[in-house]
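Before any comments, here is the structure.
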Protein chains: 2
Amino acid sequence: MPTASKAKPASNGRGRRAASTSGDERERAILETAERLLEERPLSEISVDDLARGAGISRPTFYFYFPSKDAVVLTIIDRLVVAAADSREEALKMLAAGEPRAGLRQALADLYGAFRSRRGVSLAAAELRLTNPEARELWSQVMEGWVADTAAVIEAERSRGAAPPGQPARDLAIALVQMNERVQYATFTGESPSLDEDRVLDVLVEIWLRTIYGTAEPS
Amino acid sequence: MPTASKAKPASNGRGRRAASTSGDERERAILETAERLLEERPLSEISVDDLARGAGISRPTFYFYFPSKDAVVLTIIDRLVVAAADSREEALKMLAAGEPRAGLRQALADLYGAFRSRRGVSLAAAELRLTNPEARELWSQVMEGWVADTAAVIEAERSRGAAPPGQPARDLAIALVQMNERVQYATFTGESPSLDEDRVLDVLVEIWLRTIYGTAEPS
DNA sequence: AAACCCTATCAACACCGCGTCGAGAGCTTC
DNA sequence: GAAGCTCTCGACGCGGTGTTGATAGGGTTT
């Protein structure tokens, strides 16, 4: 069961003990190696040995720092997710401040930017989700957060009369959030039918607006 | 390089020679075993040995019939894709017959049904795409087909004045088609935020209509 | 019927990636 | 200077993949 978490002494559950000697650099070196390699090739083509060598240690020694390759990636994803959540906070304020269209665009742009700036990690998250229950759970929570926020916005707009009624807000939110995930993923990989880096936001925003307001012109 | 195609004597590129002896049943047995197991568990948890045993042969003998596990799955996906393409033909006629809203719903329903009826295979396709270039290419062509059809519909509706202008038809089509893929995938796996089996169509149709017509009420 | 060939089969092998075990080496620190 | 940490790695076992070589049987050719 190559999953993750179980930890040697004590810590957040992933890495190692709290903190201390110089070997702490090694942990960082492993994480940095992983981030670097993920920008070059998919997770499935990176082995524990690659991570160990990249950090200047042997494969068994790697296991002193992390219980598995998945655990390393999960740690990295965790950080990305936290960073993305911060972006969201910002955008939400704007949305609440009564600028739905500009706010929405800003929110989608921030989200896109957060993942775009760590392309490799984002793709690794999608890949890991397929085989790793912890990754699935983590991503699930992330999605749930965005869905809840989106649904709240839709409901707010409906009850102030700016958006027409229709399918349940939460259901629309789920589809929209999943659309963004898939569209962004395609753009990052550059797979065959995919949106251009510089058009993706315009297209997503238009679909969100039309879906929420029934038309691209609110009210 | 565990990819596929290279074939022993001559055939479609995947399986074996044209046709002949009794060992032909074996080939079918392998394919059937794969389909059966894929309804039970993900591709990554199925080994060549599982397929061989399921077909009543040893692992080396499996390699007489297929060059790899991937090749088996690609063959199966190929068939599903062909079946789905047929559904699309049907729905396109309806769309062309001047019933855009009913036709669109029918098209999405047919597509959903085609993949729903082979849930396991559909999920395997998504999984294989991540690691196998042939699968990526195949899926890419499938998506391209749907995108082209969708874009054509949008353009037709715009030029007859039923749909308002907006982002380029092809760009909207890409996002919509990818949304469907992701939303359906989520529904099939039952992952955490996901649409209910029986709500998914209503939601997708509403988003498509609003995106294309600017409102859920055409014209 | 013996030689030959083609289909089909599998035991045994080589390889790779993962994760573990046990034996240290180098530091404190008492 | 012995005990006790942190850190390191050689060597192992496991499970998966794909290949090799030997072989058995049916189908023809001669």
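Chain identifiers are assigned alphabetically (A, B, ...) following the order of the sequence lines, protein sequences preceding nucleic acid strands; residue numbering begins at 1 within each chain.
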**Q.** Residues A:R101 and A:E206 bridged, charged N to O under 4.0 Å
**A.** no
Q) Going by an N to O cut-off under 4.0 Å, is there a salt bridge joining A:D110 and A:R88? A) no
Q | Residue A:Y63, side-chain atoms from C-beta onward, closest of D:dT8, C:dT20, D:dT19 | A | C:dT20
Do any side-chain atoms of residues 40-48 of chain A form donor-acceptor pairs under 3.5 angstrom with protein atoms, and if so which ones, sequence neighbours left out?
| residue | atom | partner | partner atom | Å |
| --- | --- | --- | --- | --- |
| A:R41 | NE | A:E45 | O | 3.0 |
| A:R41 | NH2 | A:D50 | OD2 | 3.1 |
| A:S44 | OG | A:E127 | OE2 | 3.1 |
| A:S47 | OG | A:D49 | N | 3.3 |
| A:S47 | OG | A:D50 | N | 3.1 |
| A:S47 | OG | A:D50 | OD2 | 3.3 |

Q.
For A:Y185, give me all partners under ring-ring contact (aromatic ring centres under 6.0 Å, His included), at least two apart in sequence or on another chain.
A. none
(Q) Check the phosphate of D:dC9 against A:S58, side-chain N and O only, distance under 4.0 Å to OP1 or OP2. Yes or no? (A) yes
Q) Which of residues 28-57 of chain A sit near DNA chain D, with a heavy atom under 4.0 Å from it? A) A:I57
**Q.** Any donor-acceptor N or O pair under 3.5 Å, side chains B:N180, B:W146
**A.** no
**Q.** Residues in side-chain hydrogen bond (donor to acceptor under 3.5 Å, both in side chains) contact with B:E39, at least two apart in sequence or another chain
**A.** none
Q | Which residues share a side-chain hydrogen bond (donor to acceptor under 3.5 Å, both in side chains) with A:E181, sequence neighbours left out | A | A:R129, A:W139, B:R182
Q: Record whether the side chain of B:R59 comes under 3.5 Å of the base of D:dG18 through a donor-acceptor pair of N or O atoms.
A: yes
Q: Check the distance between C:dT20's C1' and A:F62's CZ and give it to me in whole angstrom.
A: 14 Å
Q: Rounded off to whole Å, could you give me the CZ-to-P distance for the B:F64 and D:dT20 pair?
A: 16 Å
Q. Is a side-chain donor-acceptor pair under 3.5 Å present for B:R116 with B:Q184?
A. no
Q: Provide, to the nearest angstrom, the distance between the CZ atom belonging to A:R26 and the C1' atom belonging to C:dG26.
A: 14 Å
Q.
Output the rounded distance in Å from CD (A:E27) to C1' (D:dT8).
A. 16 Å
Q | Close side-chain approach of A:I77 and A:V121, heavy atoms under 4.5 Å | A | yes
(Q) Please pick, from D:dT19, C:dT9, D:dT17, the nucleotide with the shortest atom-to-atom distance to any side-chain atom of B:P60. (A) D:dT19
Q: Convert the base pairs of DNA chain D into dot-bracket notation, remembering that pairs crossing earlier ones are written with [ ] and that bases paired across to another strand are shown as |; include only Watson-Crick or G-U pairs under 3.5 Å.
A: ||||||||||||||||||||||||||||||
